[in-house]
Structure formats: structure tokens, C-alpha cells
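Structure first, then comments.
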Amino acid sequence: MPELPDVEVYKLLVEGSCLNRRIARAEVLDASMLAGIGRDELESALRGATISSVRRHGKHLFIGLGGSAWLELHFGMTGYLEFFPEAGGRTKHERLRLDFEDTSRLVYDCQRKLGEIGLIDDPETFIRQKGLGPDPYAGNLDRSRFAELVSSKRGSIKAALMDQSLLAGIGNVYSDEILLAAGLHPKAKAAELSQEDLTRLYEAMGRILSGAVERGADPGNMPGFLVAQRRPEGTCPRCGGSVQKLTVSGRSAYLCPRCQG
DNA sequence: TTCCATGTTCCGCA
DNA sequence: TTGCGGAACATGGA
């Protein structure tokens with residue numbers, strides 16, 4: 001589920017397990033996922049590099065390779081990272097494998113291949129070129145700026161939250177979580193929200209994103225969240241009522257009609 | 001077999 | 001100009 005909280009968890013994983021490790025061997029297992037670089041070029045850029053830092057903006061992860069190069073990862077709908085302390089760890093749909101000198105291994109897996117693997121010089125430039133909006137995690141975006149951005153959109157509030165050029169990192173699942181926590185209907189017009197609505201929304205966003213990261217963004221370990229109820233017969237984690245499914249701006253939206261009337 | 005899926009991008013149409 | 005619906009991408013589970 002690679003939205004902001006998931007990618008933040010991957011960032012913490014790489015920071016906790018790969019920092020200062022030197023890559024002995026890099027293997028691209030599916031070159032069709034590479035963006036703007038060839039297999040040989042990427043593998044040789046990775047080989048011998050030491051992981052020096054990790055950054056995240058929205059749904060993008062940037063792994064510093066020392067010097068001025070960064071490995072850039074996007075996870076599409078099905079991508080994830082897994083770290084293996086021992087040699088030989090495998091996952092089902094490996095697309096990139098980094099073997100460190102101490103035989104530990106980091107695998108990028110992406111079943112549906114809708115993600116992206118790239119090599120960039122500078123995250124700031126990349127973010128600008130992609131046209132990504134500010135990242136709303138952990139106080140990176142203040143309330144008044146958030147209100148200004150959201151109010152500037154003409155469409156639904158759900159579409160606004162998911163617009164990566166407005167705010168980077170919120171996708172379909174977390175937009176639903178945030179709207180339930182704020183008690184706002186996904187089809188409400190962004191530009192028509194009151195200051196009180198915007199404040200509730202901002203605070204709900206902060207709580208949901210931080211809460212999800214604290215729980216490892218694991219749907220099986222997120223009591224009080226809507227994520228496990230995205231199904232027929234799902235019940236609202238706040239009031240116990242039935243969850244409703246709608247299509248909003250082309251995506252499936254789950255909501256509680258009672259809490260989000 | 002058909003429908004659906006956490007993302008992004010492009011096209012046509014309001 | 002903005003936004004929406006639909007399709008495409010690639011793959012697999014229900």
C-alpha cells in the first residue's frame with residue numbers, strides 16, 4: 001500500500017538497516033521498470049556505493065549513494081522493500097536487488113510493475129521537475145498554507161487530497177481515512193469548505209499520517225482505521241454503521257454516511 | 001471468465 | 001482552464 005505512510009516506513013527500514021552499508025552487487029531483474037537509465041548503467045552506479053542517507057517526498061523514496069547520486073524509487077500500486085539480514089533472501093516479484101558486502105540484502109519488489117526505478121542527481125530538482133506539491137507529513141506543511149492549497153481546487157475534496165501537484169503523498173486509501181477522521185464527505189467541494197472544516201481536515205491529516213507510520217502502515221495492525229473495512233459488509237470504525245462504497249473522481253471511495261453526512 | 005485493485009498519465013469531452 | 005470519466009499500463013486474486 002505505497003502511499004506516504006508506507007513509503008515513510010520504507011525510509012525508516014532503509015535508515016535502520018542499510019545506512020553506511022556498501023553495495024557489493026546490484027542486480028536489475030526487470031529493466032522495463034527503469035526510468036531514463038539502462039540496466040548496465042544503473043548497476044554500475046550502484047556497485048561499490050555506500051548508502052549515505054535516505055529521504056522521502058510524497059510517495060517517492062530517495063536513497064543517497066554517497067557523492068551526488070541518488071537511487072529514486074516509486075512503488076506504484078504494489079511495490080515494497082524488504083531487507084534480509086542474511087544472504088539469499090528472495091521475494092516473489094523482485095525487480096531490483098542490492099547485495100551488501102556483509103551479505104545482507106535489500107529487495108525492491110513490484111508485482112504489477114507500475115512503479116519506477118531511477119538514478120538522479122538531486123531530489124530537490126526531481127521534485128520540482130515532477131511538479132510535486134509539498135509533503136504534508138510531520139509538520140512540513142502549516143495549516144494556513146494547507147487551507148490555501150485545498151481551497152484553490154474546484155473539484156471534490158477527495159480529488160484535492162490525492163492531487164500530487166497540490167499535496168504529495170496522499171492516495172486513495174489515506175484520503176478516505178483522513179476524510180472519515182475529519183467527518184467530511186469525499187464529494188464535498190474543496191473550495192466550499194469552511195475554515196472550521198479545513199482546520200479539522202488539517203488536524204485529521206496529521207493524526208492519520210503519524211498514526212499510520214507509528215503502526216508501521218500495516219493494515220492488520222491499525223485499529224480505528226478504515227483500511228481493513230474496504231469491503232462489502234465493512235463497518236465504520238467510529239460508529240459501527242455500514243461502510244458505503246462510491247466512485248469519486250474515478251476512484252473507489254469508502255465512507256461512513258453517518259459520520260460523513 | 002469477469003471484475004477489481006493502494007498509482008500515474010494521456011485523451012476526449014464538458 | 002479545470003476537472004472528470006475512461007483507458008492504458010501489468011499482474012494476479014476473488
Side-chain angles (χ1 to χ4, degrees), chain A residues 1-10 28-36 56-61 72-82 91-96 108-118 126-127 129-133 135-137 149-180 186-193 205 208-209 211-213 215-222 225-234 243-255:
Chain A
M1 302 177 33
E3 299 183 30
L4 187 157
D6 312 272
V7 182
E8 180 69 17
V9 169
Y10 303 149
V28 172
L29 299 138
D30 190 318
S32 72
M33 298 200 60
L34 301 181
R56 181 193 58 74
H57 187 94
K59 302 172 187 173
H60 292 268
L61 189 68
E72 174 263 320
L73 297 175
H74 187 276
F75 298 89
M77 290 173 87
T78 55
Y80 66 93
L81 290 178
E82 190 159 341
T91 68
K92 199 166 177 185
H93 311 281
E94 295 170 313
R95 310 302 180 197
L96 177 65
Y108 168 88
D109 184 294
C110 191
Q111 181 203 111
R112 256 174 272 169
K113 300 203 268 188
L114 295 173
E116 175 184 293
I117 302 169
F126 178 88
I127 290 162
Q129 285 171 348
K130 281 269 176 183
L132 298 175
D135 183 285
Y137 181 66
L149 289 169
V150 168
S151 307
S152 73
K153 293 294 285 188
R154 286 207 230 156
S156 70
I157 182 57
K158 179 172 170 67
L161 290 174
M162 291 194 299
D163 181 342
Q164 301 300 299
S165 68
L166 198 72
L167 293 176
I170 297 171
N172 202 26
V173 165
Y174 283 97
S175 61
D176 283 352
E177 295 288 357
I178 292 164
L179 290 167
L180 172 63
K187 285 190 173 176
K189 297 286 181 191
E192 292 171 6
L193 297 184
M205 176 178 73
I208 292 290
L209 296 178
V213 172
R215 294 191 166 278
D218 172 4
N221 179 36
M222 291 169 63
F225 283 69
L226 181 60
V227 61
Q229 304 300 321
R230 301 179 73 81
R231 53 185 170 79
E233 314 302 314
V243 159
Q244 181 183 13
K245 184 183 177 186
L246 291 180
T247 296
V248 181
S249 141
R251 307 302 302 277
S252 57
Y254 288 82
L255 69 146

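- Listed here is the closest heavy atom pair of A:K59 and A:G169: CE-O, 3.6 Å.
- B:dC3 and C:dG6 are spaced 16 Å apart, taking the C1' atom of each and rounding to whole Å.
- The distance from atom CD1 of A:I170 to atom C1' of B:dT6 is 14 Å, rounded to the nearest whole Å.
- Atom CZ of A:R230 and atom C1' of B:dA5 are 10 Å apart (whole Å).
- Distance A:N172 CG to B:dC4 C1': 12 Å, rounded to the nearest Å.
- For the pair A:L73 and A:I117, the minimum side-chain heavy-atom distance is below 4.5 Å.
- Minimum interatomic distance between A:P186 and A:L179 (heavy atoms only, all atoms of both residues): CA-CD1, 3.7 Å.
- In terms of heavy-atom proximity, A:S252 sits nearest to A:D176 at O-OD2, 3.9 Å.
- Using a 4.0 Å heavy-atom criterion, one finds that A:Q164 contacts the sugar-phosphate atoms exclusively.
- Taking the six-membered ring where tryptophan is involved, the planes of A:F75 and A:Y10 are tilted, since the angle between them lies from 30° to 60°.
- One atom, CG of A:D163, and another, C1' of B:dG7, lie 13 Å apart when rounded to the nearest Å.
- Between the CE atom of A:M162 and the P atom of B:dT9 there is a distance of 14 Å, rounded to whole Å.
- Smallest separation of non-hydrogen atoms from A:K187 and A:T247: CE-O, 3.6 Å.
- Atom CE in A:M77 sits about 10 Å away from atom P in B:dT8, given to the nearest Å.
- Residues from residues 244-253 of chain A placing a heavy atom under 4.0 Å of any atom in DNA chain B, listed by number, are A:K245, A:R251, A:S252.
- Between A:K113 atom NZ and B:dT8 atom P there is a gap of 19 Å when expressed in whole angstrom units.
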Inset, instruction - Apply the test side-chain contact (heavy atoms from CB on, under 4.5 Å) to residues A:L4 and A:Y174: give CA-CA distance (whole Å), side-chain angles for both, the deciding distance (0.1 Å), then the verdict. - result: CA-CA 9 Å; A:L4 187 157; A:Y174 283 97; over 6 Å; no
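- Look at the P atom in both B:dC4 and C:dG5: the space between them is 15 Å, to the nearest Å.
- Of all nucleotides in DNA chain C, those with any atom nearer than 4.0 Å to a heavy atom of chain A start and finish, going 5' to 3', at C:dT2 to C:dG13.
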Inset, instruction - Kindly express the pairing pattern of DNA chain B in dot-bracket notation, using | wherever a base pairs with another strand and counting only Watson-Crick or G-U pairs under 3.5 Å. - result: .||||.||||||||
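- Scanning all heavy atoms of the two residues, the minimum distance from A:D135 to A:R56 falls at OD2-NH1, 2.5 Å.
- Tested against A:R95, the residues A:D30, A:D109, A:V28 include a single side chain to side chain contact (heavy atoms under 4.5 Å, CB included) partner, A:D30.
- Side-chain contact between A:N172 and A:R230 is present, with at least one heavy-atom pair separated by less than 4.5 Å.
- Look at A:K130 and A:E116 and you find a salt bridge, because one of the NZ, NE, NH1 or NH2 atoms lies within 4.0 Å of a carboxylate O, short of that distance.
- Closest of all the heavy-atom pairs between A:L114 and A:C110 is N-SG, 3.9 Å.
- One atom, OH of A:Y254, and another, C1' of B:dT6, lie 11 Å apart when rounded to the nearest Å.
- Looking at heavy-atom distances under 4.0 Å, A:S32 makes no contact with the nucleic acid at all.
- Rounded to the nearest Å, the gap between the P atom of B:dT8 and that of C:dT1 is 24 Å.
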